[in-house]
Amino acid sequence: MKTAIVLLLAAAGSSVIGTLIKQNASPQEYVASYGRVGYAVIRSLGLDDVYHSGWYLLLLFLLAINLVVCSIRRFSSAWNRTFAPKVVVEPHEISGAQELEKIITRASIDEVGSTTCSFLRRVGYWVKTERTKDSLSLYAIKGRLGIWGPYLTHLSILVVFVGVVVGGFFGSRGLVKIAEGESIDSYWVGSERVKLGFTIALRKFSILTDAKRRPTAYQSHVEVYDGGRLKTRKIIDVNYPLVYKGFAFYQSDCGLEDLILRIKSPAGKTSDVRLELFALRNPEDLLKSVEIDGKKLLIYIHNVALDYVGGKNINASEMPLNPACDILITDKFHDGKKLSTWTRLGWLKVGDMTEYNGYRIELAKAIDYTILEVSKNPGLPIVYAGFGLIVLGVFLSFYVRVRIIRLHASQQDDKTNVVMGCNPRNLDEAVERDVRELCDVVGSLDNREER
Amino acid sequence: MISTAALLFKCSFWLYVVSAIAYIICLIRNRSGYCALGKALLILGLCFHTASLGIRYISTGHPPFLNLYEYLISFTWAAVLVYLVIESVYKTRMYGAFVIPLISAFAMVAYFLPSGEVYVMPALKSAWRIPHIATAILAYSAFMVAFVLAILYLVGERTESKADSFWHRRLPPLKSLDQNMYRVMAFGFLMQTLLIITGAMWAQYAWGRYWGWDPKETWALVTWFIYAAYLHTRVTMGWRGRRSAILAIIGFVSVVFTLFGVSLLLSGLHSYA
């Protein structure tokens, strides 16, 4: 038992360390805060990742072992108190108990037995008696579930541990990026690609805002296809994940994938240019060429704003709330290298239109992407079951009081000696009251005969 | 509307302060008239406080559970209510001199925090918020009461032998202090358990993991460990009185750190609260 308390406090202490030292930071940060020696100590003790270090896991493992051992050791006593109590006790054993009552009555042992049994059963006790030739022992218990409260609590902690282990071995966590209009059938765990076994398509991504333009919801409108057929539609939002076939998809991040520039020639022909922003790798990607009506146009992405508000306040937010782009354009294809041949169109928001040499240029559409966190955790139902049992166990431990009353009656000449008492460990007013009432009931046996 | 609510809260804070002074005078002079005055002021303060919470709820459209300011005004409101219930159930007014100054101290922290409208970030928009914060308020009020009882126990123990000493004439018997401390803590422990579990389930919904060793989570677990140690020493090793009281105090220090220390000193996902 002392081991358990030491382990509990050690677990508390080492958990505290993990909150005081920044976890999983870079070596440079540690050296900056604690010096080289400090970092070496932190590194060697695993203090940069306390909760996954060997000794912390060992501590939790020891706690679990301790729980198992304690539960097994105390199991038989709890079992006996509940189902197979030691009924026969000597009167002096009862007299060790508190709230002791002694009565001498003229009623017979059997009368005392049947009266006390029926009284105790009426007030909700479970009663067991044992009769020898000249004595009667009685054991009565109420609130037997309360005995099991601590066991249930301990067991449920083990259930949670099992759930965590199952989740650790059979679960996986990863990320997936989907652009509007695209679909995916796998996700990334680190650099490893894992198949989902079904397809998710992102129809639309939208950010809702309040009057002060602060985000109030990040919504991914998705469709799930399985075996080529549409299975379900769902709006994934923060706090509202999609769950399908054991996988859960959580809204995690978002951004701007592409911008679509629509160019209409003087002759009325339309062509769309896709400005690939997410895939942007090299400076050359900033340059796009488009051929329309046999004439070439060269487009250069000069600047992109995710949240364009008015002239000055360009990047109000890092979310793609109100994307806009500032582009340069030229139709003098061969002179593209000469700056004077370029025309700057200025900022265009989605839906804005401008003209250049008879071409109508419109920023037609912004395509967002969403990043979903993918998690598969078969241990989760076990963990939740453990949670439920913990609450039940703690409740039973504190709010179902165990009341035990013992009684011993023995023949002495033509009278019956009755001794009764209650368990001092579970003493409360209610059980004291029950003993006193029981005493009155036995006492009234005499009055009845006198009448 | 919100500024009216903040003003009403400030009024109730000053009423609590005056009430605390009345309770302390009542304790020192042992004159119940001051206690009655303290209680009257406390109830008046609670009326202002209730109005403040009500107005804030209506004008912001959400229960005041969102940031440290809102949490503190709800927590102190619940603590005053719990205190008034305890005063009428246990029929003792002497706890007031300890509980009300402590509540006033928490209210004072809120007094100096910005009371403007809180922006509800999407991560906080969840039905889990209500049970999570409600259990936090109940658990921490219970631990606060247990803390006061523990202090009183330690004070009472030192003066136990002196029959006509100042404290001896005013404190309830040590045994009942210890018993009440246990009952209040048992309730707090149940609430703390629910607090951690509702938090874990909410985290699962919002972030896809039920546990992430975020400082706030970890400190809630540390608090749980400490109170679990208290219960184990009591039930299986028969610890009573002084040693139990000391564990109750350590537990409450952990609670206070979870509430303020983590929010103000450590960084993590709970940094909005």
Side-chain angles (χ1 to χ4, degrees), chain A residues 1-2 4-13 15-16 18-20 22-23 50-52 70 74 150 153 163-164 167 173 207-208 210 212 214-219 237-241 248-252 372-375 377 380 383-384 386-388 390-391 393-395 397-399 425, chain B residues 117 119-129 179 182-183 185-187 189-190 192-194 196-198 200-202 204-219 221-226 228-233 235-237 239 250 254 257 261-262 265-268:
Chain A
M1 197 59 231
K2 278 188 181 149
I5 288 155
V6 170
L7 286 173
L8 271 178
L9 294 178
S15 308
V16 168
T19 65
L20 298 182
K22 196 177 174 193
Q23 300 289 291
V50 171
Y51 309 112
H52 301 102
C70 277
R74 286 158 186 265
T153 312
V164 171
R173 287 172 68 84
I207 300 175
L208 309 185
D210 63 8
K212 288 183 181 161
R214 293 172 297 199
T216 54
Y218 303 98
Q219 299 182 329
D237 194 347
V238 185
N239 277 312
Y240 299 94
F249 299 85
Y250 302 88
Q251 186 59 46
S252 174
L372 302 176
E373 175 137 9
V374 186
S375 140
N377 191 346
L380 200 59
V383 172
Y384 279 8
F387 284 168
I390 288 182
V391 175
V394 172
F395 181 80
S397 307
F398 295 131
Y399 293 100
R425 261 185 63 170
Chain B
E117 189 179 349
Y119 150 60
V120 190
M121 59 198 304
L124 291 178
K125 285 192 173 165
S126 167
W128 286 104
R129 197 173 78 214
Q179 270 283 329
Y182 171 69
R183 282 185 191 155
M185 273 223 244
F187 174 73
F189 187 75
L190 179 62
Q192 178 83 9
T193 310
L194 281 167
I196 294 174
I197 288 175
T198 51
M201 294 175 87
W202 183 4
Q204 179 67 41
Y205 265 85
W207 302 315
R209 90 282 184 293
Y210 49 83
W211 197 261
W213 297 110
D214 165 71
K216 205 103 173 172
E217 286 174 353
T218 311
W219 272 93
L221 185 69
V222 167
T223 309
W224 194 79
F225 280 150
I226 294 171
Y230 163 84
L231 294 168
H232 282 91
T233 53
V235 173
T236 60
M237 285 161 67
W239 281 25
I250 296 174
S254 168
F257 192 81
V262 175
L265 303 177
L266 307 173
S267 64

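The structure presented is a predicted model; accordingly, all values stated were derived computationally and were not measured. Numbers restart at 1 for each chain; the letters A, B, ... are given by sequence-line order, proteins then strands.
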Interchain contact, W224(B) with chain A, by part (heavy-atom threshold 4.5 Å):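 W224(B) touches chain A through side-chain heavy atoms alone.
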Side chain, backbone, both or neither: which part of [X] has a non-hydrogen atom closer than 4.5 Å to chain B?
X	result
A248(A)	neither
V374(A)	neither
F249(A)	neither
L380(A)	side chain
S375(A)	side chain

Selection from [options] maximising heavy-atom pairs under 4.5 Å formed with chain A:
options	result
A228(B), A186(B), A200(B)	A186(B)
Y182(B), W211(B), Y205(B)	Y205(B)
W128(B), F187(B), F225(B), F189(B)	F225(B)
G208(B), A206(B), A229(B)	G208(B)

Most heavy-atom pairs under 4.5 angstrom with chain B, which of [options]?
options	value
D237(A), I390(A), L9(A), T216(A)	T216(A)
N239(A), L7(A), V394(A), V238(A)	N239(A)
P215(A), A217(A), P241(A)	P215(A)

Do the non-hydrogen side-chain atoms of [X] and [Y] ever get within less than 4.5 Å of each other?
X	Y	result
N377(A)	Y210(B)	yes
Q204(B)	Y250(A)	yes
F398(A)	L231(B)	yes
T198(B)	F387(A)	no
Y384(A)	M201(B)	yes

If every non-hydrogen atom of V391(A) is compared with every non-hydrogen atom of L190(B), which pair is closest and at what distance?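 Taking V391(A) first and L190(B) second, the nearest heavy atoms are O-CD1, 4.0 Å.
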Spatial distance of atom CZ (F395(A)) from atom CG (L194(B)) [nearest 0.5 Å]: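 Interatomic distance, F395(A) CZ to L194(B) CG, rounded to 0.5 Å: 10.5 Å.
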